[in-house]
Amino acid sequence: MDMQVLPLSFYWDMHVTDVAKSLLGKLLITNFHQQLTIGRIVETEAYNGVEDRASHAFGGRYTPRTKTMYAQGGCAYVYLCYGIHEMFNVVTGSENTPHAILIRAIEPVTGIAIMQQRMGKNKADYSIGRGPGNVTKALGIHRQHNGRLLTETDLYIADDGFKVLPTDIVITQRIGVDYAGEDALLPYRFFLKNNPYVSGKKR
DNA sequence: TCGGCGATTAGCT
DNA sequence: GCTAATCGCCGAG
């Protein structure tokens with residue numbers, strides 16, 4: 001399998017919504033403590049900078065948490081949600097443009113036994129990698145990885161040549177952002193049609 | 001300093 | 001469909 005690590009320019013050259021779409025089918029790879037786990041990205045959500053009411057950086061909000069969103073595209077933004085779940089995001093754009101993409105679901109590809117163990121499950125099922133909290137749990141991603149560039153050897157995104165046709169992609173509004181008013185209706189969620197690991201509503 | 005709440009999940013009704 | 005779990009963030013005072 002010929003794998004190409006995505007170059008940083010991948011995160012710089014497109015609008016955040018196009019990067020979110022382009023990330024579908026790519027591989028999210030972690031190799032912490034010689035534990036190689038790979039998941040194919042099957043669901044993403046774009047958060048469009050200071051103008052997006054659903055974004056943590058809306059209105060230019062700059063805090064210890066959101067600081068990472070203002071870093072250069074191609075680094076990880078990991079934060080704690082509801083005091084329980086770690087959320088993994090990919091920062092995009094140039095420095096000082098707080099765009100980010102939430103990885104909402106992966107399809108396990110490699111290291112499934114390890115993911116299963118991290119999830120505390122006896123057998124593999126579709127809940128491994130389904131939902132943003134489960135993505136980080138399965139891949140062992142933690143807040144300690146916040147701000148890391150996604151070109152490191154133990155946390156990166158790669159292309160293995162997997163083809164995604166435009167007709168394979170479903171576009172909907174985002175999940176769990178009702179507080180964002182009209183912006184909650186924006187078509188910023190992308191997922192692979194009929195993929196069983198996709199979370200939430202399927203349309 | 002304090003209190004409400006969140007880009008969620010699992011388990012129960 | 002409803003709710004507890006659990007804690008850091010952040011705006012109000």
Side-chain angles (χ1 to χ4, degrees), chain A residues 11 15-17 19-21 23-24 28 39 41-71 73 75-93 97-108 115-147 150 157 170-191 195-203:
Chain A
Y11 308 101
H15 189 265
V16 64
T17 51
V19 180
K21 202 185 296 183
L23 281 174
L24 292 176
L28 177 53
I41 297 170
V42 298
E43 182 183 2
T44 61
E45 272 181 5
Y47 286 83
N48 187 27
V50 299
E51 62 187 72
D52 182 355
R53 296 193 101 86
S55 170
H56 291 158
F58 173 67
R61 177 191 277 167
Y62 187 89
T63 68
R65 179 175 67 159
T66 65
K67 186 173 186 274
T68 310
M69 297 180 77
Y70 292 82
C75 72
Y77 170 44
V78 187
Y79 72 94
L80 185 68
C81 187
Y82 289 97
I84 308 169
H85 307 290
E86 316 272 338
M87 302 285 199
F88 173 77
N89 297 253
V90 176
V91 174
T92 74
T97 62
H99 296 133
I101 297 162
L102 174 66
I103 306 302
R104 289 195 57 92
I106 55 149
E107 175 175 333
M115 297 192 212
Q116 210 175 293
Q117 191 173 28
R118 286 171 177 157
M119 300 283 296
K121 292 189 176 298
N122 297 319
K123 58 186 182 66
D125 61 40
Y126 292 137
S127 70
I128 297 179
R130 175 192 280 160
N134 289 330
V135 167
T136 54
K137 203 169 176 186
L139 295 175
I141 296 171
H142 188 270
R143 270 170 295 165
Q144 72 192 40
H145 302 113
N146 183 47
L150 295 171
I157 299 179
V170 182
I171 305 176
T172 72
Q173 59 194 50
R174 294 169 291 184
I175 293 179
V177 295
D178 292 346
Y179 59 87
E182 287 188 353
D183 288 353
L185 305 176
L186 292 168
Y188 285 179
R189 173 172 174 247
F190 308 90
F191 63 86
N195 187 288
Y197 292 91
V198 170
S199 70
K201 294 195 175 78
K202 302 298 189 285
R203 64 197 186 85

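As the structure is a computational prediction, the values presented were derived from the model and not from experiment. Throughout, a chain's letter reflects where its sequence line sits, starting with A, and its residues are numbered from 1.
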Out of [options], which nucleotide sits closest to the side chain of [X]?
{"X": "A:Tyr79", "options": "B:dA7, C:dT6, C:dG11", "value": "B:dA7"}
{"X": "A:Ile84", "options": "B:dA7, C:dC7, C:dA5", "value": "C:dA5"}
{"X": "A:Met69", "options": "B:dA7, B:dT8, C:dC10", "value": "B:dA7"}
{"X": "A:Tyr82", "options": "B:dG6, C:dG11, C:dC9", "value": "B:dG6"}

Sugar-phosphate, base or nothing in reach of [X], heavy atoms under 4.0 Å:
{"X": "A:Arg143", "result": "sugar-phosphate"}
{"X": "A:Met119", "result": "nothing"}
{"X": "A:Asn134", "result": "sugar-phosphate"}

The dot-bracket string of DNA chain B, counting Watson-Crick and G-U wobble pairs with both distances under 3.5 Å, using [ ] for crossing pairs and | for pairs to another strand, is ||||||.|||||.
Would A:Tyr47 count as stacked on B:dA7 if the rule is ring centres under 5.5 Å and plane angle under 30°? yes
In this structure, NE2 of A:His99 is separated from CG of A:Asn48 (nearest 0.5 Å) by 4.5 Å
When rounded to the nearest 0.5 angstrom, what is the spacing between CD in A:Glu43 and CD1 in A:Ile175? 5.5 Å
Under the criterion ring-ring contact (aromatic ring centres under 6.0 Å, His included), I'd like the reasoning laid out for A:Tyr47 against A:Tyr188: C-alpha separation, chi angles, the key distance, then a yes or no. CA-CA 8 Å; A:Tyr47 286 83; A:Tyr188 285 179; 8.2 Å; no
OP1 or OP2 of [N] under 4.0 Å from side-chain N/O of [X]:
{"X": "A:Arg189", "N": "B:dA7", "value": "no"}
{"X": "A:Thr63", "N": "C:dC9", "value": "no"}
{"X": "A:Arg61", "N": "C:dG11", "value": "yes"}
{"X": "A:His56", "N": "B:dA7", "value": "yes"}
{"X": "A:Tyr179", "N": "B:dA7", "value": "yes"}

For the pair made of [atom1] in [X] and [atom2] in [N], what is the distance, rounded to whole Å?
{"X": "A:Asp125", "N": "B:dG11", "atom1": "CG", "atom2": "P", "answer": "11 Å"}
{"X": "A:Ile175", "N": "B:dT9", "atom1": "CD1", "atom2": "C1'", "answer": "13 Å"}
{"X": "A:Ile101", "N": "B:dA7", "atom1": "CD1", "atom2": "C1'", "answer": "13 Å"}
{"X": "A:Tyr126", "N": "B:dT9", "atom1": "OH", "atom2": "C1'", "answer": "20 Å"}
{"X": "A:Ile141", "N": "B:dT8", "atom1": "CD1", "atom2": "C1'", "answer": "16 Å"}
{"X": "A:His99", "N": "B:dA7", "atom1": "NE2", "atom2": "P", "answer": "18 Å"}
{"X": "A:Asn89", "N": "B:dG6", "atom1": "CG", "atom2": "C1'", "answer": "14 Å"}
{"X": "A:Glu86", "N": "C:dG8", "atom1": "CD", "atom2": "C1'", "answer": "11 Å"}

Checking salt bridge (charged side-chain N to carboxylate O under 4.0 Å, His left out) against A:Glu45, which of A:Arg104, A:Arg174, A:Lys21 comes through? A:Arg104
Any donor-acceptor N or O pair under 3.5 Å, side chains A:Thr172, A:Arg189: yes
Keeping A:Asp183 on the side-chain end and A:Arg53 on the backbone end, is there a donor-acceptor pair under 3.5 Å? yes
Backbone of A:Arg61 reached by a side-chain donor or acceptor of A:Thr66 within 3.5 Å: yes
Say you pick atom P in B:dC12 and the same atom in C:dT6; how far apart are they, in whole Å? 16 Å
Taking the P atom in each of C:dT3 and B:dC5, what is the distance between them to the nearest angstrom? 15 Å
Report the relative orientation of the aromatic rings in A:His56 and A:Tyr77; use parallel for angles under 30°, tilted for 30 to 60°, perpendicular for over 60°. perpendicular
Please evaluate residues A:Asn195 and A:Val198 with respect to the criterion side-chain contact (heavy atoms from CB on, under 4.5 Å), reporting the C-alpha separation (whole Å), side-chain torsions for both, the decisive distance (0.1 Å), and the verdict. CA-CA 6 Å; A:Asn195 187 288; A:Val198 170; 3.9 Å; yes
On DNA chain B, compare the nucleotides closest to A:Lys137 and A:Gly176; which residue's is nearer the 5' end? A:Gly176
